[in-house]
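For reference, the structure is listed below as structure tokens.
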Amino acid sequence: MKRAAVLLLILLLLSGCASPGENTYSDACFSATLPDGFSRVTNAPIVCFAPHGNPMRESSITFNATELNWYFDAFSADEYEAALKEQCGYESLTLTDVKDCRVDGNRAKRIACRVELDQGQHDLIVYAVSADRIYFFTLLNREGDPYTEPFDAMMKSLRFTGDV
């Protein structure tokens with residue numbers, strides 16, 4: 001019995017078992033506690049997370065980065081709205097809120113929008129983080145999905161670990 005318990009403990013340590021209910025993702029750039037049930041989407045051209053790794057019918061979180069730019073704090077709400085329409089390709093996008101915040105000690109903006117898609121209206125939440133680069137973490141919260149608060153909690157847990 002003792003031997004079985006020791007072997008189980010070793011197996012759990014080697015497999016990186018997290019606490020129940022905790023879903024931690026780590027790579028060379030950042031680590032964060034993802035919303036429950038979210039996992040990395042395989043074979044995606046960008047870093048993407050979705051419930052059960054399937055973004056086709058559910059909400060998704062994406063990550064990308066660009067070079068650091070000096071105009072990060074100079075954007076107005078209208079400029080964020082125009083940039084998101086252009087970059088995301090949404091014809092119907094309405095900016096609902098822009099807030100200054102901090103992510104892992106770095107200046108950041110939390111930009112909230114509503115977008116109209118074939119499946120209905122959805123929330124689009126973007127965290128733009130100014131660090132050694134500009135990092136973008138985006139939640140497309142499909143209508144009826146409860147991921148806005150878990151996404152905000154994920155951003156509070158996020159820690160940068162290196163370069164992209």
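Smallest separation of non-hydrogen atoms from K109 and V98: CD-CG1, 4.3 Å. The two residues L68 and A131 come nearest to each other via the heavy atoms CD1-O, 3.3 Å.
In this structure, the side chain to side chain contact (heavy atoms under 4.5 Å, CB included) partners of P51, at least two apart in sequence or on a different chain, are F38, E58, Y147. For the side chain to side chain contact (heavy atoms under 4.5 Å, CB included) test, no residue two or more places apart in sequence or in another chain qualifies with A82. Among residues two or more places apart in sequence or in another chain, the side chain to side chain contact (heavy atoms under 4.5 Å, CB included) test is passed with S39 by none. For D78, there are no salt bridge (Lys or Arg N to Asp or Glu O under 4.0 Å) partners at least two apart in sequence or on another chain. Taking the salt bridge (Lys or Arg N to Asp or Glu O under 4.0 Å) definition, one finds that R159 meets it with D104, sequence neighbours left out. The salt bridge (Lys or Arg N to Asp or Glu O under 4.0 Å) search around E67 returns R133, not counting sequence neighbours. Qualifying side-chain hydrogen bond (donor to acceptor under 3.5 Å, both in side chains) partners for Q121, counting only residues two or more places apart in sequence or in other chains: R114, E116.
For residues 23-32, the set of pairs meeting the salt bridge (Lys or Arg N to Asp or Glu O under 4.0 Å) definition, not counting sequence neighbours, is empty. Residue pairs meeting the ring-ring contact (aromatic ring centres under 6.0 Å, His included) criterion with at least one partner in residues 103-129, sequence neighbours excluded, are Y127-F151.
The CG atom of L158 sits 5.0 Å away from the CE atom of M155 when rounded to the nearest 0.5 Å.
V129 places none of its side-chain heavy atoms less than 4.5 Å from the side chain of I134.
Although no hydrogens or angles enter the test, the distance criterion places no donor-acceptor pair under 3.5 Å between the side chain of S31 and the main chain of S26. Remark: side-chain polar atoms of T138 are not paired, donor with acceptor, to backbone N or O of I61 under 3.5 angstrom.
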List the atom pairs, with distances to 0.1 Å, where a side-chain N or O of residues 40-50 and a protein N or O form a donor-acceptor pair under 3.5 Å, not counting sequence neighbours.
residue: R40; atom: NH1; partner: Y25; partner atom: OH; Å: 3.0

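Checked for salt-bridge contact, D152 and R110 meet the test: a charged N lies under 4.0 Å from a carboxylate O.
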